[in-house]
Number of protein chains: 2
Amino acid sequence: MTMTLGPFATAARQQNKSARTRARLMDAAVEVLARDGFEGASVNEIVRVADVANGTFYVHFRDKEAITVAVSARIVSDLTDQIDQAMTDLDDAIERFSFATRQFIEFAHGLPQWGWMILRCAPALRDAYQPMETHLFSDLVRGRRQGQIPQDIDAFLVDTIFAMVTAALAARLRGAAGPEAGSRVSELVLTMLKVPPERAQEVAWRPVELREIHLPVLPKVRAQRPVAPLAADAD
Amino acid sequence: MTMTLGPFATAARQQNKSARTRARLMDAAVEVLARDGFEGASVNEIVRVADVANGTFYVHFRDKEAITVAVSARIVSDLTDQIDQAMTDLDDAIERFSFATRQFIEFAHGLPQWGWMILRCAPALRDAYQPMETHLFSDLVRGRRQGQIPQDIDAFLVDTIFAMVTAALAARLRGAAGPEAGSRVSELVLTMLKVPPERAQEVAWRPVELREIHLPVLPKVRAQRPVAPLAADAD
DNA sequence: GCATTTTTTGGGATATCGTTCATTTTTGGG
DNA sequence: CCCAAAAATGAACGATATCCCAAAAAATGC
């Protein structure tokens with residue numbers, strides 16, 4: 001009966017029961033959403049995977065959408081935080097982009113359910129995943145200001161780049177591409193941005209130390225829930 | 001009671017009743033799939049939209065997946081056929097790519113439900129939409145052989161380009177981009193392929209006459225169904 | 001107009017969906 | 001160890017899902 005705990009449940013091991021159950025529901029939600037997509041997922045399936053009574057779900061979340069955005073928010077913030085931390089010493093925008101892309105792909109590849117969930121839910125819940133694009137955007141305008149990116153940056157371009165990176169992630173997850181996926185797509189993007197080819201290639205393929213996956217960020221422990229007569233949706 | 005007929009139903013107006021109801025089911029399927037996605041769509045909803053008894057569905061299709069691949073196959077073949085026809089006089093691979101991309105996006109924009117259906121079902125039914133990538137692939141290797149594309153072509157690259165084009169289509173459909181979407185993404189792709197910038201820009205933005213939407217290709221009229229005791233799935 | 005084949009119909013069997021809520025179990029402080 | 005608060009439970013609701021099939025309706029050939 002010693003179930004292997006998911007990332008959220010592991011992180012919540014030291015918290016009170018409510019938080020622990022909530023975490024198990026979130027891990028289960030990731031699994032189901034990754035497998036069936038947002039529209040195809042069902043609350044019943046989530047509680048089945050979480051090994052929890054159906055009524056328990058509604059103690060913690062209002063409905064399917066609520067748990068999806070809660071999980072998405074955590075995934076997005078955990079990912080961007082970790083990648084940011086791993087990049088504190090990088091200033092050059094080109095290098096930052098390449099590193100972030102590679103780290104992101106290898107990261108999601110190491111936690112495939114998170115990766116699949118992102119791929120399957122991002123189109124359905126665009127604004128929940130907006131922070132990732134925003135992050136990307138700010139790094140790119142930095143590069144523009146540094147004079148390294150000749151191309152003008154706007155929403156359309158960021159959208160395009162995001163699509164390229166997620167396509168690379170999809171290829172990586174389905175096994176069509178190996179660990180070089182991040183480098184390949186980096187180089188393609190940089191070339192597209194009219195970065196000089198030698199530099200694009202050098203930066204994209206330079207060996208780099210990717211961080212270990214260390215997830216999720218331990219949530220702030222709160223002694224007791226203050227009020228909350230009914231489930232809270234967003235974290 | 002004079003319902004406006006969808007593209008399939010219109011094309012099947014002159015055929016026997018079986019073909020006509022089948023066509024109405026397909027139009028309804030497009031509408032529902034575009035709105036709810038593959039996982040979220042239900043047979044019940046399709047028959048409701050088609051204004052047909054639920055039992056009728058199973059006379060024509062085995063299940064949801066069967067009708068989805070049938071519709072997808074028709075959409076893909078109709079689209080590629082029409083675009084091919086409009087390109088018969090174009091030899092230059094660069095120009096072909098740019099034209100096809102622009103035509104494709106404006107096309108799907110003129111028939112938004114088809115566009116949305118492609119966007120929402122392509123990830124779930126990759127092989128049904130493979131022909132589009134294959135088409136793209138062959139045009140690109142042609143350009144490679146013509147010496148116009150310095151970049152090597154492989155599945156990963158085609159995947160990436162396809163993702164870029166569909167992202168542009170999505171932006172166009174949701175109103176985030178105007179008619180320039182096709183040109184913009186064309187130029188980006190060509191730049192990525194290391195086509196000289198001036199040429200990329202010239203080809204991508206040169207005014208071009210896009211064909212009228214003329215759909216779907218009238219299906220070959222067959223006097224009578226020969227046998228088929230139970231529904232056929234693929235066309 | 002009639003008989004035969006083709007096609008559609010709609011209700012029924014069965015399963016699962018989301019959701020609520022009265023009840024039971026677990027938790028933790030004194 | 002006991003008791004109040006917190007949390008989890010699972011039976012039960014109506015809605016909706018898929019799929020089947022005997023019967024009705026429509027189309028077709030003579």
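Chain identifiers are assigned alphabetically (A, B, ...) following the order of the sequence lines, protein sequences preceding nucleic acid strands; residue numbering begins at 1 within each chain.
B:Val49 has its side chain within reach of B:Arg35: a pair of non-hydrogen atoms, C-beta onward, lies under 4.5 Å apart. Between B:Gln15 and B:Arg22, the closest side-chain pair of non-hydrogen atoms is not below 4.5 Å. Under the 4.5 Å side-chain criterion, counting only non-hydrogen atoms from C-beta, A:Val52 is not in contact with A:Phe57.
Ring centers of A:Phe104 and A:Trp114: at least 6.0 Å apart, outside the cut-off.
For the pair A:Phe61 CZ and C:dT19 P, the interatomic distance rounds to 14 Å; values are reported in whole Å. What separates CZ of A:Phe57 from C1' of C:dT16 is a distance of 16 Å, to the nearest Å. Put simply, CD on B:Glu45 is 14 Å from C1' on D:dA15, counting in whole angstrom units. For the pair A:Arg48 CZ and C:dC17 P, the interatomic distance rounds to 9 Å; values are reported in whole Å. Between A:Leu25 atom CG and D:dT9 atom P there is a gap of 9 Å when expressed in whole angstrom units. Counting to the nearest Å, the P atom of D:dT18 and the CD atom of B:Glu65 are 14 Å from each other. Straight-line distance from the CG atom of B:Asn16 to the P atom of D:dA25: 22 Å, rounded to whole Å. The separation between B:Asp36 atom CG and D:dA17 atom C1' is 14 Å, rounded to whole Å.
Nearest to the side chain of B:Lys17, among C:dG18, C:dT8, D:dT9, sits C:dT8. Taking the side chain of A:Asn44 as heavy atoms from C-beta on, and the options D:dA7, D:dC19, C:dG18, the nearest nucleotide is C:dG18. Set against C:dT8, D:dT18, D:dT9, the side chain of B:Thr21 has C:dT8 as its closest nucleotide. Nearest to the side-chain atoms of A:Asn54 among the listed nucleotides D:dA12, D:dA26, D:dA7 stands D:dA12. Distance from the side chain of A:Val43 is smallest to C:dG18 among C:dG18, D:dT18, C:dT8.
Pair assignment for D:dA4 gives C:dT27, based on Watson-Crick or G-U wobble hydrogen-bonding distances that are each under 3.5 Å.
When the side-chain nitrogen and oxygen atoms of A:His60 are compared with OP1 and OP2 of D:dA7, none of them lie within a distance under 4.0 Å. Close to D:dT9, at under 4.0 Å from its OP1 or OP2, lies a side-chain N or O of A:Thr56.
A:Asp63 comes within 4.0 angstrom of sugar-phosphate atoms only, judged by non-hydrogen atoms across all strands, and of no base. Residue A:Ser42 is classed as a sugar-phosphate contact, given heavy-atom separations below 4.0 Å to backbone atoms only.
Along DNA chain D, the nucleotide closest to B:Lys64 and the one closest to A:Gly55 are compared, and the more 5′ of them pairs with A:Gly55.
For A:Asp159 and B:Arg174, the salt-bridge test passes: some basic side-chain N is under 4.0 Å from an acidic carboxylate O.
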